[in-house]
Amino acid sequence: MLIFTDYLKDIAEKLGKLFPDFDKKDLALDRTGHADFTFRIFRVLKGKRNPEDVFAQVLKDFQGMDYIERITLEGPYINFRLNAESLAFSIRNELEHKGMFPDIFQDPERISVEHTSTNPTGPIHIGRIRNSILGDSTARILRRYGYRVTTQYFVNDSGRQVASLCTGARKYCMEDSLTTENLLDAYRRIHREMEENDSLEKEVQEVMQLYEAGEENTVGYIRKICSVILDSINSSLRNIGITIDDYTWESSFIRTGDTVKVLDSLAEHIKEEGGAKYITNGDRKIFLTRSNGTSLYFLRDIAYHLYKFQNFTWSIDVLGENHKDHGEQLSYVFEDLMDIHERIRFMYYSYVSLESGSMSTRKGNTVTLDELLQKTIEEAEKVVRTKRPDLDEGSVKNISESVAVSAIRFSIVRLNASKQMIFRWGEALNFEGDSAPYIMYAYARASSILRKTGSDSNNPEYINVDAAERDLLFRLYCYPYFLEEAANKLKPEIVAGYLLDLTKSYSEFYRACPVLTADEVTKRRRIEILKFYRKIVEDSTDLLGIKILEEM
RNA sequence: GGGCCCGUGGCCUAGUCUGGAUAAGGCACCGUCCUUCUAAGUCGGUGAUCGUGGGUCCGAAUCCCACCGGGCCCGCCA
C-alpha cells in the first residue's frame with residue numbers, strides 16, 4: 001500500500017458527502033489539459049439540478065481548502081487545480097521523512113511471480129524475452145507497492161523436449177564438451193533425425209521413463225546438461241538486469257510423490273483410457289498421465305501450484321498466449337475441483353516474431369538475447385563516440401551498455417503485452433523519441449544542472465511559479481496513482497507511459513525554466529523541483545530496469 | 001467447427017476494463033531553435049471516416065450484435 005498525501009481521495013470523499021449520486025469514477029485525473037482533477041457532473045446532474053447550482057455548492061463546500069488553487073465550471077465539468085506549494089509539500093514531506101515518494105506500508109501478503117520458465121534446451125531468444133522482461137518488471141512494481149515478492153523459474157527437466165535433448169547429447173556430444181552450443185546442435189540434429197527415424201522416438205520414451213523412475217545415470221546426466229543451458233540463460237538474463245530468486249525443478253514433484261498426491265486428491269474425477277489418467281472439463285479430456293505411467297506437464301504444474309499456494313498468498317504466472325488454454329484449465333481444476341479460489345493470476349503475452357515469421361529454437365531461425373544485446377551495445381557505442389568524443393573508453397563502454405540494456409527492456413515493456421510484436425532491427429536500434437535513452441538523457445541533463453548549481457534548496461518559495469514548473473510538479477505528484485494502477489492491473493506499461501509523460505514535462509521545464517541564471521528565490525525552488533524529479537525518475541526507472549546515468 | 005487475443009494518420013503505439021471536453025505521443029517528412037544549464041533535445045506544420053456495418057445512450061475509439069483481416073489455442077507436447 002502506498003502512503004502519501006492523497007488530494008484526489010480527499011476531494012472524492014468531500015464530493016461523496018455532498019452528492020448522494022456521486023460515483024468515484026466521476027472524479028479523475030484530467031487527460032485533456034483543462035485541469036488537474038476533473039469532476040464530471042453528468043451523473044450528479046441527472047436530477048433536475050443545473051450546473052450552476054452544483055458548482056455553487058462545490059465552491060461553498062471547498063471554501064478554505066488551502067491545497068486548492070482554484071475551482072472552475074467549464075461546461076459539464078468542474079475542474080480542480082491544486083496549488084504548487086501543496087504539491088511540493090506532499091512530495092517533500094515523504095522524501096524528507098521516508099526518503100521515498102510515495103512511502104509504502106509493507107503488506108504481509110507474499111506473492112510468487114513465475115516468469116521465463118523457458119525449456120532448458122537452448123539459449124534464450126527474443127521471441128520469449130518479453131516473458132522475462134514483463135515478469136521482472138511486474139515483480140519490481142509489486143515489491144515497490146509493498147508486497148513481499150519472490151520470482152520463480154519452473155525448470156522443465158521432465159518432458160519430451162529435455163528427453164530428446166538428452167538423447168541427442170548422448171549421441172553427438174563428447175562428455176567433456178557439453179557446452180550450450182554443442183548441446184543446441186545436438187538438440188536440433190536429433191529433431192531432424194527423428195523425423196526420418198522412428199526408433200529414436202523409442203529411445204526418447206525410454207529416457208523419460210528412466211528419468212521419472214529416478215534412474216541414477218539418467219538423472220545425473222539430465223541435471224548436468226540442463227544446468228549447462230540454464231547457466232547460460234541466467235547469464236544472458238543477468239546482462240539485462242534480471243535475476244530470479246528461486247528455481248524449482250519439475251522432476252522434484254515426481255520425486256517427492258506430490259504428483260501422486262495430486263492424483264489421489266483428484267481421484268473422484270479421474271477416468272482412464274488405456275492406462276492413461278485424465279479428467280474432463282466439459283467435452284475436453286485433460287490427460288494427467290501417459291499410458292506408460294509417466295506424468296504429463298499438466299499434472300506436474302498442478303503439483304507446482306499447490307506448492308506455491310502453500311508458500312504464497314497468490315501466484316502470478318507470466319505465460320505466452322499459446323498457454324492460455326493451459327492456464328484456463330488450471331484455474332478450472334483449482335476453482336471447480338479443488339475448491340481453491342482466487343490464488344492465481346495470469347499475465348499473457350504475445351510472442352515476438354520476425355518479419356519472416358515466428359522464431360523456433362529447433363529450426364534455428366532465432367535472434368538470441370545475446371545477439372540483440374551485443375548489436376545494440378555496438379550501435380550505442382557509435383552514437384556515444386559521435387556525440388561525446390571527449391569521453392574516455394571506460395565511460396563510453398559504460399554508457400553504451402546502460403543505453404543498450406535500457407533501450408531493449410523499455411521497447412518491450414512499454415507495449416501492451418497482448419499486442420502482437422514484430423521485431424525490426426531498425427526500430428530496436430533507434431535511440432530517439434519514445435525510448436529509454438530519451439528518459440535517460442533528460443535525467444543526465446538534470447544531473448548536470450545540479451552539479452553546476454549545488455543543491456541548496458532551503459526555504460523554497462512557491463510564488464510566481466512558472467506554468468512549466470507547476471506542470472512538472474503535478475506530474476511528479478501523480479506518480480503514486482500510476483504506480484498503484486500498474487500494481488493492481490499487473491501492467492508495467494503504465495509505469496513506462498508515466499515515465500514518458502514525466503520526461504516530456506521535464507523537457508518543457510528544461511527549456512522554459514533556466515536554473516543557473518535565475519534569481520536566488522526562483523533558483524532554490526527550481527533546484528528543489530529538480531531534486532524531486534531526479535528522485536522519482538530514479539524510483540520509477542528502477543522498476544523497469546532502466547539504468548540511469550549522471551552523464552551521457 | 002468451437003474458443004481467446006489484436007485491428008487507432010504512411011509506419012509503431014497510448015487511450016478501451018470504469019462511455020464524457022478539439023482522439024494523445026513517437027518514427028518518417030517539411031520548417032524552427034545550440035553566445036541560458038548536454039540538439040539522444042525543443043517548438044511549429046502536413047497527415048486519422050478509431051477494420052466494416054448495425055444497435056444502446058443526451059453522448060461511443062470505449063458497451064452490445066454481426067461481419068472482415070491478422071495471431072494463438074482446441075495433443076497420452078510443453
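Quick note: numbers below take in every heavy atom, side chains included, and nothing from hydrogens, waters or symmetry partners. Below, chain A is the first sequence line, B the second, and so on; all start at residue 1.
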S.K.: Would you list the pairs meeting salt bridge (charged side-chain N to carboxylate O under 4.0 Å, His left out) in which at least one residue belongs to residues 414-423 of chain A, sequence neighbours left out?
M.R.: none

S.K.: Considering Watson-Crick and G-U wobble pairs with both distances under 3.5 Å, what does B:C63 pair with?
M.R.: B:G55

S.K.: I'd like to check A:Thr376 versus A:Leu429 (side-chain heavy atoms, cut-off strictly below 4.5 Å). Are they in contact?
M.R.: yes

S.K.: Regarding A:Gln152 and A:Tyr304, is there a side-chain donor-to-acceptor distance under 3.5 Å anywhere?
M.R.: yes

S.K.: Aromatic contact between A:Tyr498 and A:Tyr479, with the criterion being ring centroids under 6.0 Å apart: yes or no?
M.R.: yes

S.K.: For B:U42, does either OP1 or OP2 sit under 4.0 Å from a side-chain N or O belonging to A:Tyr438?
M.R.: yes

S.K.: Any protein N or O atoms within reach of nucleotides 7-10 of chain B? Criterion: under 3.5 Å, listing atom names and distances.
M.R.:
unit_1: B:G7; atom_1: OP1; unit_2: A:Lys419; atom_2: NZ; d: 3.0

S.K.: Considering only nitrogen or oxygen atoms on both sides, find all protein atoms under 3.5 Å from nucleotides 24-30 of chain B and state each distance.
M.R.:
unit_1: B:G25; atom_1: O2'; unit_2: A:Asp434; atom_2: OD1; d: 3.3
unit_1: B:G25; atom_1: O2'; unit_2: A:Asp434; atom_2: OD2; d: 3.1
unit_1: B:G25; atom_1: O2'; unit_2: A:Lys504; atom_2: NZ; d: 2.8
unit_1: B:G26; atom_1: O4'; unit_2: A:Asp434; atom_2: OD2; d: 3.1
unit_1: B:G26; atom_1: O2'; unit_2: A:Asp434; atom_2: N; d: 3.3

S.K.: According to the interplanar angle, ranging from 0 to 90°, do the rings of A:Phe39 and A:Phe19 count as parallel (below 30°), tilted (30 to 60°) or perpendicular (above 60°)?
M.R.: tilted

S.K.: Who pairs with A:Glu335 by salt bridge (Lys or Arg N to Asp or Glu O under 4.0 Å), at least two apart in sequence or on another chain?
M.R.: none

S.K.: Give me the distance, rounded to whole Å, that separates B:U49 from B:G45 when you measure between the C1' atoms they each carry.
M.R.: 23 Å

S.K.: Treating primed atoms plus P, OP1 and OP2 as sugar-phosphate and everything else as base, which nucleotides of nucleotides 73-78 of chain B get B, S or - for protein heavy atoms under 4.0 Å?
M.R.: SS-BSB

S.K.: Angle between ring planes, A:Tyr297 versus A:Phe154, binned at 30° and 60°: parallel, tilted or perpendicular?
M.R.: tilted

S.K.: Under 4.5 Å between any side-chain heavy atoms of A:Ile279 and A:Val333, yes or no?
M.R.: yes

S.K.: Listed by chain and number, what are the salt bridge (Lys or Arg N to Asp or Glu O under 4.0 Å) partners of A:Arg511, not counting sequence neighbours?
M.R.: A:Glu508

S.K.: Need to verify one output field. Residue with the more 5' nearest nucleotide on RNA chain B, A:Pro514 or A:Glu508?
M.R.: A:Pro514

S.K.: Indicate the atoms forming the closest heavy-atom contact of A:Arg40 with A:Lys25, along with that distance.
M.R.: NH1-O, 3.3 Å

S.K.: Where does B:C34 land, syn or anti, once you apply the within-90°-of-0 test for syn?
M.R.: syn

S.K.: Which part of the nucleic acid does A:Met552 contact within heavy-atom distance under 4.0 Å: base, sugar-phosphate only, or nothing?
M.R.: base

S.K.: Verify the stacking flag for A:Tyr510 against B:G41: centroid separation must be under 5.5 angstrom and the ring planes must differ by under 30 degrees.
M.R.: no

